Novice: 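Here it is, the structure, as structure tokens.
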Amino acid sequence: MRKKMTSEQKALFIIFGGTGDLAQRKLYPSLFNLYKQGYLKEHFAVVGTARRPWNDERYQEIVRNSISGMEVTAKQANEFSSHFYYQAHNVNDTDHYETLRKLADELDGKYELEGNRVFYLAMSPQFFSTICQHVKTQGLVTENGYNRVVIEKPFGHDVKSATELNESINQYFPEKDVYRIDHYLGKEMIQSIPALRFSNNIFNALWNYRYIDNIQITLSEALGVEERAGYYENAGALRDMVQNHILQTVAMLTMNAPTMYTDQDIRKEKISALKALRVYDKNGVKQNFVRGQYGPGNGQVGYREENQVAPDSQTETFVAGRIFVDNMNMAGVPIYIRTGKRLTKKETRIDVVFKNAPYNIFGSEPLKQNILSFKVGPNPGMELRLNGKEVNFDQYRIQSMHLRHSHGENTQSKMPVGYEKLLYDVLQGDSASFSHWEEVYYSWRFVDAVRQAWDEEKLSQDEFQNYTCGSMGPQAAKELLKEDGNKWYFRPDEN
Ligand code: NAD
């Protein structure tokens with residue numbers, strides 16, 4: 001049983017990139033939710049740092065704006081934002097850390113924070129290592145409290161760069177104090193996977209190659225690249241979505257049962273699962289992976305016509321793959337993954353497809369497979385497809401039925417948004433929902449093999465613009481399953 005944080009927490013947050021999009025859209029609203037619930041009260045302060053020459057008043061106004069769409073009274077907004085301080089800062093300038101340290105120490109005394117510090121790096125990854133270095137060498141790390149560093153994605157762009165980054169951070173912060181964010185791990189239905197798997201013997205007993213036929217993971221987006229093209233051109237869907245969110249989900253679905261539900265035990269099992277990913281050679285990548293790019297259609301422009309995108313871009317906006325986790329329980333179970341932009345519908349879901357009963361005593365009509373679906377978003381819930389008896393008296397026929405559970409509006413409104421849960425965990429020192437370095441390493445090892453094979457094989461323009469906006473990706477992504485006699489269970493493009 002993990003310990004629960006029940007009372008007010010004392011901490012100073014130093015947010016590098018405090019004027020940025022992530023800070024305004026996600027971090028301040030999440031901190032406010034923690035404030036409303038009383039986890040943050042009197043004894044907390046936030047220092048936002050960035051290049052802009054703002055003052056505290058301007059910054060507090062920005063914070064109030066960022067929570068204005070939430071349920072909040074003017075009094076609450078004023079009280080909450082009064083805990084926010086701004087420090088104009090260039091992360092490369094040593095002197096600025098001295099100013100920051102003085103402010104941090106002053107706030108520590110004023111709010112009685114007992115030396116607890118969370119350094120949140122909401123900035124471009126090129127700065128991660130410099131910030132960690134300066135924070136440590138300029139004395140921002142306290143002796144009396146905890147010092148935790150929260151790092152945004154992307155954590156490197158391949159094994160080599162991620163290893164260098166990690167080694168550099170570890171010079172200043174030990175692994176136990178490094179919280180690598182993957183906000184998918186904060187999602188309620190991703191968090192529900194271990195609960196379903198390990199607290200129900202019907203699933204616990206069946207969760208292996210004997211009973212699971214295949215697993216399907218879909219992270220589909222209806223939007224295009226929007227204003228992120230500058231970043232996306234160099235990343236692509238493989239690095240942007242597969243290396244982190246999808247492989248973390250794979251780990252949650254394929255790990256063995258942790259001894260206890262503690263961060264150390266969970267991470268140990270997730271590392272083992274990711275270590276067991278079958279890494280493909282060039283031929284294996286060709287057989288098991290599909291890439292695609294959205295072309296024009298349904299009133300939308302193609303990726304290559306987007307701002308800041310090269311007219312002959314080879315960047316993939318869609319990936320589908322067949323993955324195997326070669327461990328004793330899951331060996332041989334195909335895990336089909338797909339993610340892409342400008343697809344039919346925004347939806348994140350996992351469909352676990354079970355094998356059929358060994359023999360159909362009911363006659364010629366084939367039985368449908370049992371499917372357990374985790375609907376991660378936008379409407380979180382679960383569904384189990386079973387076979388039952390059709391209601392009639394002249395013939396005994398089998399029909400599909402669905403057991404559905406969706407969290408009601410009341411529960412949904414109480415669901416923490418991804419960052420809220422993760423910030424809560426950072427305060428608690430619970431790293432279960434953050435990626436351990438070894439998880440990151442094995443994920444990159446797998447992804448690098450795919451990337452290298454693709455980089456060596458330049459495709460022609462025609463070969464690449466191969467799915468229409470509003471479809472569910474290239475035809476080849478359907479063929480991938482067809483080869484095994486399977487098909488995607490989630491097919492919004494056929495409705
Ligand atoms: P952004 O460009 O909106 O903000 C960057 C911030 O860094 C700004 O506050 C800017 O002033 C500051 N900055 C830049 N250079 C600086 C310097 N030399 N010295 C001091 N401050 C400097 O970026 P963002 O969208 O907020 O993303 C921040 C990080 O979070 C990135 O690593 C990104 O990949 C990651 N991330 C963002 C989102 C999101 O929803 N925005 C989601 C997932 C991950």
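Start at 1 and go down the list; that is how both ligands and their atoms are numbered. Predicted model, so just to flag it, every value in this text is computed and none were measured.
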Novice: Side chain or backbone, does L22 bring an N or O within less than 3.5 Å of an N or O on ligand 1?
Specialist: yes

Novice: Sequence neighbours left out, what passes side chain to side chain contact (heavy atoms under 4.5 Å, CB included) with T348? Give chain and number order.
Specialist: Y184, L219, V376

Novice: Compare H183, K26, R228, E152 and give the one whose heavy atom is closest to atom 44 (C) of ligand 1.
Specialist: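 Heavy atom nearest to atom 44 (C) of ligand 1 belongs to E152.
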
Novice: Could you tell me whether E221 and R342 have a side-chain N and a carboxylate O separated by less than 4.0 Å?
Specialist: no

Novice: For atom 35 (C) of ligand 1, tell me which residue out of K153, R52, R51 has the closest non-hydrogen atom.
Specialist: K153

Novice: Below 4.0 angstrom from a heavy atom of A50, which ligand 1 atoms are there? Numbered from 1 as shown, please.
Specialist: 9 (O), 11 (O), 21 (N)

Novice: Regarding Q133 and Y97, is there a side-chain donor-to-acceptor distance under 3.5 Å anywhere?
Specialist: no

Novice: Look only at interatomic distance and state if T19 has a nitrogen or oxygen under 3.5 Å from any nitrogen or oxygen of ligand 1.
Specialist: yes

Novice: Which atoms of ligand 1 are found less than 4.0 Å from any heavy atom of V91?
Specialist: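 In order of numbering, the contacting atoms are 17 (C), 18 (N), 19 (N), 20 (C).
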
Novice: Mark up the atoms of ligand 1 that fall under 4.0 Å of a heavy atom belonging to P125, in ascending order.
Specialist: 32 (O)

Novice: Is a donor on one side and an acceptor on the other found under 3.5 Å between the side chain of N466 and the backbone of Q293?
Specialist: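 Looks like yes, one N/O pair under 3.5 Å.
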
Novice: What orientation do Y59 and Y86 show, parallel under 30°, tilted 30 to 60°, or perpendicular over 60°?
Specialist: tilted

Novice: Measure from the ring center of Y28 to the ring center of F84 and say whether it is less than 6.0 Å.
Specialist: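 Yes, ring centres under 6.0 Å apart.
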
Novice: Quick one: sort the Y35 and F80 rings into parallel, tilted or perpendicular, breaks at 30° and 60°.
Specialist: tilted

Novice: Side chain, backbone, both or neither: which part of F127 comes within less than 4.0 Å of ligand 1 when only heavy atoms are counted?
Specialist: side chain

Novice: May I ask you to list the atoms of ligand 1 that are less than 4.0 angstrom from any heavy atom of G20?
Specialist: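 In order of numbering, the contacting atoms are 3 (O), 4 (O), 8 (C), 9 (O), 26 (O).
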
Novice: State whether the side chain of S168 and the backbone N or O of E164 hold a donor-acceptor pair below 3.5 Å, judged by distance alone.
Specialist: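 No, because the side chain of S168 does not come within donor-acceptor range (under 3.5 Å) of the backbone of E164.
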
Novice: Measuring from atom 39 (C) of ligand 1, which candidate in D21, T49, L121 has the nearest non-hydrogen atom?
Specialist: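 Result: the heavy atom closest to atom 39 (C) of ligand 1 is in D21.
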
Novice: Side chain, backbone, both or neither: which part of A122 comes within less than 4.0 Å of ligand 1 when only heavy atoms are counted?
Specialist: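 Contact part for A122 vs ligand 1: backbone (N, CA, C, O).
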
Novice: Please say whether P154 places an N or O atom under 3.5 Å from an N or O atom belonging to ligand 1.
Specialist: no

Novice: Which residue holds the protein heavy atom closest to atom 13 (N) of ligand 1, what is that atom called, and what is the gap in Å?
Specialist: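 For atom 13 (N) of ligand 1, the nearest protein heavy atom is M123 CE, 3.4 Å.
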
Novice: Which of the numbered atoms in ligand 1 are under 4.0 angstrom from any heavy atom belonging to R25?
Specialist: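 Answer, ordered by atom number: 39 (C), 40 (O), 41 (N).
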
Novice: Who pairs with S82 by side chain to side chain contact (heavy atoms under 4.5 Å, CB included), at least two apart in sequence or on another chain?
Specialist: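 By the side chain to side chain contact (heavy atoms under 4.5 Å, CB included) rule, S82 matches no residue at all.
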
Novice: Please work out whether the ring planes of Y419 and Y120 are parallel, tilted or perpendicular, with thresholds of 30° and 60°.
Specialist: tilted

Novice: Determine whether any protein heavy atom is located less than 4.0 Å from atom 2 (O) of ligand 1.
Specialist: no

